[in-house]
Amino acid sequence: MGEWDWAIDTIVDLEPLMTETAERIWFSSFGNVIRAYRGEDVEAEARAIYEESLAFDDPQYRGVGASSLVVSSLVNGRFDEVRRLSEEFIDQPGGVEAVPYLVRAAIWNGDLATAREARPRFTEFGAGRRQDALLATMDGGIAALDGRTDEARARFSDARRLHAEMGTLLWLGVTDLDIVITGAMEPDERRQAAEEAREIFTRLRAKALLDKLNAALTESASRTRTETPATARTEEGIGQEA
């Protein structure tokens, strides 16, 4: 996406040289993750790579082989598929990397029980700013679904700060998207998050995430219009252009 064009070009150049299945799984999965975020249809290729990866005993290759199918399922709203794939790998070495995807899919789907159950398993990953940021994002979404507005605001603020400090723009944008989808934080803060997410997704050419953002804004405006017409006009001011 955007700044990752070099990676796509490199993978395209290398694909004819990839005679080993392991190489093809590793590099093609990375390329398909980028394409999925761009809104390209990678379903068939991602599923084929996943099926190939099941022949490996090494959980690292099996996890990588599933990664592009997880992302494709997430951005296309296939929550059950994300849950199935994530639960298949969570208990394997390194499998806790699937937890943030499972929790995010559950939060986007309004499934508080699944998000709550899965989140503690990520603490096995260890400590560090990246882990702290992902945990804060998960906590923010869970608190928002649970109606704990002050905690949701605090945890989402922590996550945004950490992602900004680390320069992890994609995850900053997706955290902003979580805020919009869950309706967390104050209206002005949600508007700021939406504007920031739009800027990041546009820069990265992440069309699938832009579509998610637009859908969330439309739903939010429609819901608020029904409840309080004056507030709805404020929400609509965020803008819908892609």
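Heads up: numbering here begins at 1 and tracks the sequence.
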Undergrad: CZ of Arg161 to CG of Leu172: how many Å apart, nearest 0.5 Å?
TA: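 Between atom CZ of Arg161 and atom CG of Leu172 there are 12.5 Å.
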Undergrad: Evaluate the salt bridge (charged side-chain N to carboxylate O under 4.0 Å, His left out) criterion for residues Asp80 and Arg84: first the C-alpha distance (whole Å), next the side-chain angles of each, then the deciding distance (0.1 Å), finally the verdict.
TA: CA-CA 6 Å; Asp80 288 343; Arg84 181 185 69 79; over 6 Å; no
Undergrad: Identify whether the distance between the nearest side-chain nitrogen and carboxylate oxygen of Glu52 and Arg47 falls below 4.0 Å.
TA: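 Not counted as a salt bridge, because no side-chain N and carboxylate O are separated by less than 4.0 Å.
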Undergrad: What is the distance from atom OG of Ser67 to atom CZ of Phe30, rounded to the nearest 0.5 Å?
TA: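 Interatomic distance, Ser67 OG to Phe30 CZ, rounded to 0.5 Å: 10.0 Å.
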Undergrad: Test salt bridge (charged side-chain N to carboxylate O under 4.0 Å, His left out) on Asp57 and Arg62; report intermediate values, then the result.
TA: CA-CA 8 Å; Asp57 293 329; Arg62 297 184 69 174; 5.9 Å; no
Undergrad: Are side-chain heavy atoms of Leu112 and Ile107 found at a separation under 4.5 Å?
TA: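 The answer is no; the side chains never approach within 4.5 Å.
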Undergrad: State whether Glu195 and Arg198 are salt-bridged, where the test is any N-O pair (Lys NZ or Arg NE/NH1/NH2 against Asp/Glu carboxylate O) under 4.0 Å.
TA: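 Looking at Arg198 together with Glu195, the answer is no, because their closest N to O distance does not fall below 4.0 Å.
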Undergrad: Can we say Arg83 and Glu87 salt-bridge, meaning some charged N sits less than 4.0 Å from an Asp/Glu carboxylate O?
TA: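 Salt bridge flag = no for Glu87 with Arg83.
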Undergrad: If we ignore hydrogens and angles and just use 3.5 Å, is the side chain of Thr218 paired with the main-chain N or O of Asn214 as donor and acceptor?
TA: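 Yes, Thr218 side chain to Asn214 backbone: donor-acceptor pair under 3.5 Å.
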Undergrad: First locate atom NZ of Lys212, then atom CZ of Phe201, and finally report the distance between them rounded to the nearest 0.5 Å.
TA: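 These two atoms lie 11.5 Å from each other.
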Undergrad: With no hydrogens and no angle check, is any side-chain donor or acceptor of Asn32 less than 3.5 Å from a backbone partner on Ser28?
TA: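 Present.
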Undergrad: Tell me if a side-chain donor or acceptor on Ser220 pairs with a main-chain N or O of Leu217 at a distance below 3.5 Å.
TA: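 Side chain of Ser220 to backbone of Leu217, a donor-acceptor pair under 3.5 Å: no, none is there.
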Undergrad: Report yes if the side chains of Arg78 and Glu43 come closer than 4.5 Å at any heavy-atom pair, otherwise no.
TA: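 Yes, at least one pair of side-chain atoms sits under 4.5 Å.
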Undergrad: Less than 4.0 Å between a side-chain N and a carboxylate O, is that true for Arg153 and Glu189?
TA: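 The answer is yes: the pair qualifies as a salt bridge.
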Undergrad: Just wondering, more than 12 heavy atoms not from Glu199 lying within 6.0 Å of its CD?
TA: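 Result for CD/Glu199: open.
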Undergrad: Just by modelled atom types, is the Ile142 backbone N or O under 3.5 Å from a matching donor or acceptor in the Arg116 side chain?
TA: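 Looks like no, no N/O pair under 3.5 Å.
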Undergrad: Answer yes when Arg160 and Glu196 have at least one side-chain N-carboxylate O distance shorter than 4.0 Å, and no when they do not.
TA: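 Salt bridge present between Arg160 and Glu196.
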Undergrad: Salt bridge or not between Asp158 and Arg155? Use side-chain N to carboxylate O under 4.0 Å.
TA: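 Answer for the salt bridge query: yes.
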